[in-house]
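What follows is a short report on a single structure.
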Amino acid sequence: MVSVATWKLPRSLRSQPPHFSKSQVVAVLEQISTLLMLDGANAFRVRAYTNASRVIQSLEQDLAGLAENGGIFGVKGIGKGIGGLVTEAVMQGTWGGLGELYEKIPDGLIQMLQIPGLGPKRIKQFHDELGIETIDELKVAAEDGQLANLERMGKKSELRVLEGIDLLTRMAGRRRLDVGLLYGEALENRLRNMSGVERASLAGSARRRRETIGDIDIVAAVKESDIEAVSAEILALPGIVGIKGSGTSKVSIILGTEFFENAGTALPSHSPLPDVKDAESESSSGNGKSESVVQTTASSHSIDQDVTSESDALEIPAASDSGIDGGVLAALGGEAWQEMSQTTTIDVQVRMVPPQAFPFTLAYFTGSKEHNVRLRQLALDRGLRLSEWGLSPLDLIGDTTGIEAAAHSLPAIDEADIHAHLGLEWIPPELREDSGEVEAAIANSLPRLVEPSDIKGALHNHTIASDGVATLQQMAEEAMDLGWEFLGIADHSESLNIGGRSIGVAADKVAEQSDLIHELNESWADEGTEFRLLHGAECDILTDGRLDYPDDVRENLNHVVGSVHALGSWRNRDEIENTEMLIKAIEDPTFTILGHPTGRILGGRDGFPVDMHAVLRRMGELNEEGTLKAVEINASPYRLDLDWRFCHFAKQQEVPVVINPDAHAPKGLRDVWFGVQIARKGWLEPADLLNTRSGKELEKMLAGE
DNA sequence: GCCGTTTTCGGCCCGACTGTTTTCAGTCG
C-alpha cells in the first residue's frame, strides 16, 4: 500500500482544467489517509479517504466531467469535504490546505508503516516522544534501549521492532501469484494427506487470485485432540527455513525452495524455479509421497498436465533462455532474476480450527477484508453476527463472543451454506473484492465465469523468427497437445531492440513466415487435422502513436497485436498524452489487439500512466462501427496486464478480451491458465473472450466477415 | 469524513494475539 518514494502533492502542468488525472487524484486521496493515520486522526476519517480513493478509482465516468457539473457529490462515499477537495483540484489545480499535512509528516514515518508489527500509533509515539524520523534512527534507538522506556512499551516490544526492521529488509516485496500457488497448492495437498487433518484449503489472496500475494494462508479442520500431532508434522516438513510461531491454533513458518527438493520430478510449468530443479531431480531418487504432491499441483490446472514428458519431448533449452520475454528479464535486472528465483522464500500461516468452524474460518481468511466487512454488515441487517467461528443470531448469544457465541451458530458444511443463510448465491473467491459481487449475489446475477477448459487457442506467441526458442511446428504441436484448435503467431516487428540488438522480424521476411504458415495449415487440412496457425505480428506502437511496419505488411496479416515497448518515453509522459497516442494507434485500420496494455512487470516496474477507461471506451465505439478491436490479458505471470480491475469495464463496453500467453517457448502456452484466473477475477464469461471461438469462426472475425 | 425507513448527531465489522498491564491499547487479517 505504501511506496517508498517521497510523497509530494502533484503540481498542475496545464493552464486549464482538467488539472489532474483520475489516477493522480486517487493517489493523493490514498496518501492523505496514510498521512492522517500518522497524524493521529480519527480512524473513521482515515477510512473515509481510503474509501473515497477506491470509489474514484473504480469510477467509470470521466472524473473531469463529474467535477465540472457537480456530479461528484452524488457519488456514494464522496461528501462535502472530499467532493469539494476533488473539485478544487481538478478545476483549479490546487489542493486546499493539504500542503501543511504533507509538510508535517516526515517520509521516514511513512516508510516505517511497512515494518511488520508497527502501526501508526506507535510510529507517532516514537516521533512525538523521541523525535525519530527515519527507520535508521528507529533502529539505533531500539538498539540503544530507548523504546522500552516508553509508555506501554517494554523489552519484548523493542525486540519486535528490531525483528520487524530485519524482516522488512530481508523480505521486501510481495510474491507473484505463480510463486504463491506453487507453494500454496503443494502445501495444501501435503496437509490433506496428514492424518488428523479432516479438510484443508488454501485461503487468502492466493485463493482470490490476486496478481501478487503477501503470504500464504491455509485453513485446516483439525480436532482438538489431533492439533499437537498435526503441528509437529507441519514443523517437520522439508524446506522450512524459519519458524515464526507455533501455538494451539496457528503455525507460522517460512518455506524455501527445498520444500520441493524430494519431489523426484520437475516442477509444474509455471514454476519460477526451472533451473534449480532440472539439475536436482536427477540426483534425488524421490520418495512416493512428495512425488504425488507436485504432480497433483500440476494436474489441478486442467491445461497443465504431464509437464515433464512434454519438456523432454521438445528438448527445451534450459535456464539461460528459459523462454522468458527479454523485456521481462531487462525489467527484473537480468541475471539478478536468476539469483532471486533460487532464493525465493515465502511466509506461510496454517490455521487449525474445529471441523464445524471450517467453512466460516475459510471464508473469513479468504477475504478480502472489504468483502468481509460487507458480509458482516449484511448479517447484522438480518439480526446475525458473522465471525470466523460461526453465524449466530444476536438474540441467542447475549454478550458472549467468538467461539462461545458460535455455539448458537446456524449450521454450514461449506461456504455456500453461509452465503445462503445471508440470502446470497455462492460467490466464487476470485470475485470477493467488494466490487459489486455482493449486490450481484443478492440479485442472483453472478456471472458464469470462464474455465480453462473453455479455451480453444491464443493469438500472441513468439517463435525463433524473433526472440522465441521454438519453431512454428513445435509451438503448433504443443498447442495441439493442449487440445487447442488454433494458435496465433505474433513475432516482434523490426524496430524492437532489446539490450541494443534488434530482435524483430524484418519487413521483407514477414511474407516468408506467411508462406510457411500457409504450408503447415495445408498439410494439417490434408490429413484432416482440425487445427490452424493464424499469422499475426506484435507491432511496436511507436512514441507518436504510429504502428511499426509499412501498411501493406500489416494488411496481409490475420491480426496485428499492437504493443508499447519503448517504455521510457511513455513513462515520462503524462497520462493525457499517452492516452491520445494509444488511441491513435488503435484507430489504425489494421490494428486488432492491444497487447500488454500498460507494460507493467510485477515486482519489476510500473506500467506507463494511461486512462484505460477512455481507451476501452474508444475501442467499444470502434467495435460498434464494425471493426474488431480486442484487448489482451497478457497471461505471463510476470505481467497479468490488462489488470483485472478493468476487465469488467471492457465487457460493459463490449470490447472482446483475448487471453494471450505471449509464449516464447512451447511450455509458455500453459501460462494461459493464469490469464484465465485473471479473466475470472474480472467477471468474464466464455462469450466475452476470443479464445473460446473455434479456429474457423475466429479467422472470419479477424477478416472482418 | 460519510451516512441516514433520515432529518443533523451517533455510529461506523469482528476477534485473536501480544505485551503491557492488573484492564487495555495496538496491530493484524
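Just so it is clear, the model here is predicted, and its values are computed rather than measured. Labels below follow one simple rule: chain letters A, B, ... track the order of the sequence lines, proteins then strands, and each chain is numbered from 1.
- In this structure, the nucleotide among B:dC13, B:dT27, B:dC3 sitting nearest to the side chain of A:Lys76 is B:dC3.
- A:Arg152 places its CZ atom 12 Å from the P atom of B:dT27, with the value rounded to the nearest Å.
- At whole-Å resolution of the value, CG in A:Asp347 and P in B:dC28 are 14 Å apart.
- At a threshold of 4.0 angstrom between heavy atoms, the contacts of A:Ile78 are confined to the sugar-phosphate backbone, with no base atom among them.
- With rounding to the nearest 0.5 Å, the separation of CG in A:Leu396 from OG in A:Ser409 is 10.5 Å.
- Side-chain nitrogen and oxygen atoms of A:Trp389 include at least one within less than 4.0 Å of the OP1 or OP2 phosphate oxygen of B:dA16.
- Taking side-chain N and O atoms only, A:Ser157 has a distance below 4.0 Å to OP1 or OP2 of B:dT20.
- Rounded to an integer number of Å, the gap from A:Lys80 NZ to B:dC9 C1' is 14 Å.
- For the C1' atoms, the distance from B:dT18 to B:dT23 is 15 Å, rounded to whole Å.
- Side-chain atoms of A:Lys121 lie closest to B:dT27 of the nucleotides B:dT27, B:dG15, B:dC13.
- A:Ile243 pairs by the side-chain contact (heavy atoms from CB on, under 4.5 Å) definition with A:Leu235, A:Ile240, A:Ile253, not counting sequence neighbours.
- Here the separation of B:dC12 from B:dT5, taken at their P atoms, is 15 Å to the nearest Å.
- Picking from B:dC2, B:dT27, B:dC14 the nucleotide with the shortest atom distance to the side chain of A:Leu380 gives B:dC14.
- The side chain of A:Gln377 lies closest to B:dC13, out of B:dC13, B:dT27, B:dG19.
- Distance noted for atom P between B:dC9 and B:dC13: 22 Å (whole Å).
- Between A:Arg208 and A:Glu437, none of the side-chain N atoms (NZ, or NE/NH1/NH2) sits under 4.0 Å from a carboxylate O, so this pair counts as no salt bridge.
- Summarising the geometry, the separation between CD1 on A:Ile397 and P on B:dC14 is reported as 9 Å, rounded to the nearest angstrom.
- When the C1' atom is compared between B:dT20 and B:dG26, the two are found 10 Å apart, to the nearest whole Å.
- If you measure from atom CG of A:Leu159 to atom C1' of B:dT18, you get 13 Å, rounded to the nearest angstrom.
- Rounded to a whole angstrom, the distance from the C1' atom of B:dA16 to that of B:dG4 is 33 Å.
- Under 3.5 Å, the side chain of A:Arg47 and the base of B:dC2 form no donor-acceptor pair of N or O atoms.
- The CG-C1' distance, from A:Asp381 to B:dC3, rounds to 14 Å in whole Å.
- No more than 12 heavy atoms of other residues, nucleotides or ligands shown are found within 6.0 angstrom of CD on A:Glu228.
- A residue-by-residue look at A:Leu150 and A:Glu388 shows that A:Glu388 has its nearest nucleotide of DNA chain B further toward the 5' end.
- Straight-line distance from the CZ atom of A:Arg376 to the C1' atom of B:dC13: 5 Å, rounded to whole Å.
- Listed nucleotides B:dG1, B:dG15, B:dG19 differ in distance to A:Lys156; the shortest reach to its side chain belongs to B:dG19.
- Comparing A:Leu118 and A:Asn42 along DNA chain B, the residue whose closest nucleotide (by nearest heavy atom) sits nearer the 5' end is A:Asn42.
- Checked against B:dG15, B:dC3, B:dC17, the side chain of A:Ser249 finds its nearest nucleotide in B:dC17.
- If you check every strand for non-hydrogen atoms under 4.0 Å, A:Lys124 touches nothing.
- For the pair A:Arg190 and A:Phe259, the cation-pi test (distance below 6.0 Å, angle within 45°) is passed.
- Other residues, nucleotides and ligands contribute over 12 non-hydrogen atoms within 6.0 Å of the CD atom of A:Glu198.
- Listed candidates were B:dT27, B:dG19, B:dC13. Nearest to the side chain of A:Arg160 is B:dG19.
- Few gaps surround CD on A:Gln356; more than 12 heavy atoms of other groups in view lie less than 6.0 Å from it.
- Rounded to whole Å, atom P of B:dC28 lies 15 Å from atom CG of A:Asp217.
- Residue A:Arg385 has a polar side-chain atom (N or O) positioned under 4.0 Å from OP1 or OP2 of B:dG15.
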